[in-house]
Amino acid sequence: MAVSDHRQQNDGRSPELPEVIVLNAPLILTMFEDQLSSKFHLLKALDSELPLHQFLAVNAQSVRAMLCTVNGPPVTADILQLLPSLRLIVTTTAGINHIDVSECRSRGISVANAGDVFSADCADYAVGLLIDVLRKISVADRYVRKGHWANLGDFPLGSKLRGKRVGIVGLGRIGIQVAKRLEAFGCSISYNSRKKKDFVEYPFYANVCELAADMDVLIICCALTDQTRHMIDRKVLLALGKEGVIVNIGRGAIVNEKEMVECLVHGEIGGAGSDVFENEPDVPKELFELENVVLSPHLAIFSPESLEDSRDLVIANLEAFFSNKPLLSLQDPFF
Ligand SMILES: O=CC(=O)O
């Protein structure tokens, strides 16, 4: 078949709809495809029989906007090179670690993310994971299901949330909401981030290891960058200590997962709750055996309501772009 024969067939929609290349399969596309495709002509790389590079080379030379998410092929310099007309990437996620932002900057491509639409759900989930690890709610659930209730005396009691010293790593949109929630639960809050924040009174620690040494709990809420990759390593975990709990709703690779698993297996930290892992969907099997660990499949941000907000923001960003208006959630640190 000639290369030009591989061009996606016009599916009957108006040829005037602006074209958007869809690199992978964002959940909002699965849920709201009709709404998105009534406004944009979606060129879906996943539906093509062609390998991604060839699909882009054949179909996407004039495409100016891309929709993507964190699962699936990362938006690398190699991919961007195949899209000479691209000027906008909209990611359905808050995190943008799957996009080569410095390549975007040098090519004049703007990046818009999920802004604040997932922050509340994600913060709720972080608190949920922490309460679950501390009070052993999932353990209690398994206990009842196994018919052990009659022996209640042998249930290992969990630890109180009120009074815990909680260190938030990354006091951005999500971190601040976690902090406010846990303050209301009677915890004392401290934080680590790139810079001290003027809008809060919480104690600031420039050094994450010193933060861990003074805390009962660390909650990882920062972005994954070259600076934060494996920032939470054995040294930090040992500083957190035998009773210390770590919760991660950021990205798996912020924690050195191998070292965290070793610390958990050897009882060098008290417990962990994690929604994110280094090599998703693979989760280290050792964790399955541990009762002081709560595992979740990268779902913290999702509720039906947050997905609808995400859809609306994606559409609003694309519409703004195609009508030369300012983007609603432009990633300004980079542009
Ligand atoms: O992980 C999810 C997100 O970055 O929004």
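The structure displayed is predicted, hence computed values, not measured ones. Numbering of ligands and ligand atoms starts at 1, following listing order.
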Worksheet item: What's the spacing between N192 CG and L171 CG if we round to 0.5 Å?
Response: 10.0 Å

Worksheet entry | Heavy atom of the protein closest to atom 3 (C) of ligand 1 (residue, atom name, distance) | A94 N, 3.3 Å

Practice prompt. Would you check whether I301 reaches within less than 4.0 Å of ligand 1, judged by its heavy atoms?
Written response: yes

Discussion item. For ligand 1, which is the ligand I care about here, please tell me if T93 has any N or O atom under 3.5 Å from one of the ligand's N or O atoms.
Written reply: no

For [Y], is there an ion pair with [X] - N to carboxylate O distance below 4.0 angstrom?
X: D124; Y: R181; result: yes
X: R142; Y: E291; result: yes
X: E319; Y: K325; result: no

Item to complete: Identify, by atom number and element, the atoms of ligand 1 in contact range of H298, meaning under 4.0 Å from any of its heavy atoms.
Response: 1 (O), 2 (C)

